[in-house]
Number of protein chains: 2
Amino acid sequence: MLAIGTLSRRTGTKVQTIRYYEEIGLMNEAGRTAGGQRRYDEKDLDRLAFIRHSRQLGFSLDSIRELLDLADNPAQSCSEADSIARRQLGQVEQRIKRLQALKKELRRMVAECDGDSVAECKVLEVLRDHSECLTEHNEIGA
Amino acid sequence: MLAIGTLSRRTGTKVQTIRYYEEIGLMNEAGRTAGGQRRYDEKDLDRLAFIRHSRQLGFSLDSIRELLDLADNPAQSCSEADSIARRQLGQVEQRIKRLQALKKELRRMVAECDGDSVAECKVLEVLRDHSECLTEHNEIGA
DNA sequence: CTTGAACCTCTATCAGCTGTAGCTTGTATC
DNA sequence: GATACAAGCTACAGCTGATAGAGGTTCAAG
Ligand SMILES: [Zn+2]
Ligand SMILES: [Zn+2]
Ligand SMILES: [Zn+2]
Ligand SMILES: [Zn+2]
């Protein structure tokens, strides 16, 4: 039987994060000692490792929930798991595209500024006026 | 004098977002009518446009705050603005790298699954076991 | 003067955790 | 068996960057 700290070390997950996963129903409710401390077995360890690895690959907790549900009954077809992964791949590709557009603009504005006064700063000029941009980047942020 | 809805339409910013920017001190406190409604001028419009464009390029609100402060006194050197932009560029490049590693892994696992039962699903197999991965992807998520 | 779209404040919610305060439990050592 | 203290517990606040809704007020056109 493993204490939460051991699980934490073995999976690289913060203790609070493990408790959080339990709270939102991603991890099963852990068994408890008489004094109320959580105790885990190897199955819990595997499940947490699955969750963490999926997170590292960028899956949302909702997707992970679905994947865990699927993994729990091995008889059925895996087409749904595959389509979740494909969807994830699509999103990653989209984000890469967007970030590459941002990168282009940022590189250009950084390169074109000669480091004079703020009044003539190319960086600030571009930020003030999107028509200085070469790409469309409608959506916000990341 | 512009009402908040006009500002919203002219900059593509939700009304609530404009109020939020005021709340966190990114936009100045707007003047008010006798009845308490916010009114803006062209300067406010420019400032909001600057903020939105910077957001589209992925700058954090904190960075934008710094950039706005710098832009407000045009006499000084722009080296700080430039370094904020370079930092942003560096972060974007980092994220692209990470996402490309994720993309590789995701493509591989999707490609290698022949769509059989969950028990033999390559996707789930990889998620269970990082040693199936070719790249290190320690950090989480995006 | 009436209507109704647009405005107001306040509060709650989202993802995915992370951190803190203040207390209790488990275990190793003597 | 006593004691020390690391590690556990709950509960709640906070982070980023907004977004949504309830319930009430104001502005401007006709
Ligand atoms: Zn510059
Ligand atoms: Zn632009
Ligand atoms: Zn499969
Ligand atoms: Zn991996």
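Letters A, B, ... mirror the listed sequences (proteins, then strands); counts begin at 1.
Within a heavy-atom distance below 4.0 Å of DNA chain D, no residue of residues 42-62 of chain A is found. Of the residues in residues 21-36 of chain A, those with a non-hydrogen atom less than 4.0 angstrom from any atom of DNA chain D are A:Arg32, A:Gly36. Within residues 88-97 of chain A, no residue places a heavy atom under 4.0 Å from DNA chain D.
Side chain of B:Asn73 to main chain of B:Ala75: no donor-acceptor pair is present (N/O by atom type, distance under 3.5 Å, no hydrogens or angles). No donor-acceptor distance shorter than 3.5 angstrom exists from the side chain of A:Ser8 to the backbone of A:Ile4, with no hydrogens or angles considered. A:Glu80 places no side-chain N or O within 3.5 Å of a backbone atom of A:Ser77 that could act as its donor or acceptor partner. In this structure a side-chain-to-backbone donor-acceptor pair under 3.5 Å is missing from A:Thr6 to A:Leu2. Of the possible polar contacts, one joining the B:Arg98 side chain to the B:Glu139 backbone as a donor-acceptor pair under 3.5 Å is found. Judged purely by atom type and a 3.5 angstrom limit, A:Arg55 uses its side chain to pair as donor or acceptor with the backbone of A:Phe59. For B:Glu22 (side chain) and B:Glu29 (main-chain N/O), no donor-acceptor pair under 3.5 Å exists by modelled atom type. A donor-acceptor distance shorter than 3.5 angstrom exists from the side chain of A:Asp44 to the backbone of A:Asp41, with no hydrogens or angles considered.
Taking atom CD1 of residue A:Ile18 and atom P of nucleotide C:dT18, one finds them 11 Å apart after rounding to whole Å. Between B:Met1 atom CE and C:dC7 atom P there is a gap of 15 Å when expressed in whole angstrom units. Look at CD on B:Gln16: it is 11 Å from P on C:dC8, rounded to the nearest Å. Atom P of nucleotide C:dG19 and atom CZ of A:Arg19 are separated by 13 Å, given to the nearest angstrom. Note: CD1 (B:Ile140) to C1' (C:dC17) measures 10 Å, nearest angstrom. When the P atom of C:dT18 is taken as reference, atom CD1 of A:Ile4 falls 13 Å away, rounded to whole Å.
Taking the C1' atoms of five terminal pairs at each end of the helix from C:dC1-D:dG30 to C:dC30-D:dG1, the two resulting helix axes are inclined by 10°, rounded to 10°.
Counting only residues at least two apart or on different chains, the side chain to side chain donor-acceptor pair (under 3.5 Å) pairs with a member in residues 83-97 of chain B are B:Ser63-B:Arg87. Sequence neighbours left out, the pairs with a member in residues 119-142 of chain A that pass ring-ring contact (aromatic ring centres under 6.0 Å, His included) are A:His130-A:His137, A:His130-B:His53, A:His137-B:His53.
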Please tabulate, for the side chains in residues 107-115 of chain B, all donor-acceptor contacts under 3.5 angstrom to protein atoms that are two or more places apart in sequence or on a different chain.
unit_1: B:Arg108; atom_1: NH2; unit_2: B:Glu105; atom_2: OE1; d: 3.4
unit_1: B:Arg108; atom_1: NH2; unit_2: B:Glu132; atom_2: O; d: 2.5

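Extent of DNA chain D lying under 4.0 Å from chain A heavy atoms, first and last nucleotide in 5' to 3' order, is D:dG8 to D:dT10.
You'll find the side chain of B:Leu45 stays beyond 4.5 Å of the side chain of B:Phe50, heavy atoms only.
Residues satisfying the salt bridge (Lys or Arg N to Asp or Glu O under 4.0 Å) test with A:Arg128, not counting sequence neighbours, are none. By the side-chain contact (heavy atoms from CB on, under 4.5 Å) test, B:Arg52 is found to be paired with A:Ile140, B:Thr13, B:Thr17, B:Tyr21, B:Leu48, residues two or more places apart in sequence or in another chain being considered. In this view, A:Glu136 satisfies the salt bridge (Lys or Arg N to Asp or Glu O under 4.0 Å) rule with no residue, not counting sequence neighbours. Considering only residues two or more places apart in sequence or on other chains, B:Gln100 meets the side-chain hydrogen bond (donor to acceptor under 3.5 Å, both in side chains) condition with none of them.
Residue A:Gln37 is the one, among B:Arg39 and A:Gln37, whose nearest nucleotide of DNA chain D lies closer to the 5' end (criterion: closest heavy atom).
One finds no side-chain N or O of A:Thr17 lying less than 4.0 angstrom from the OP1 or OP2 phosphate oxygen of C:dG16. Using a 4.0 Å cut-off, some side-chain N or O of B:Arg38 falls inside it from OP1 or OP2 of C:dC8.
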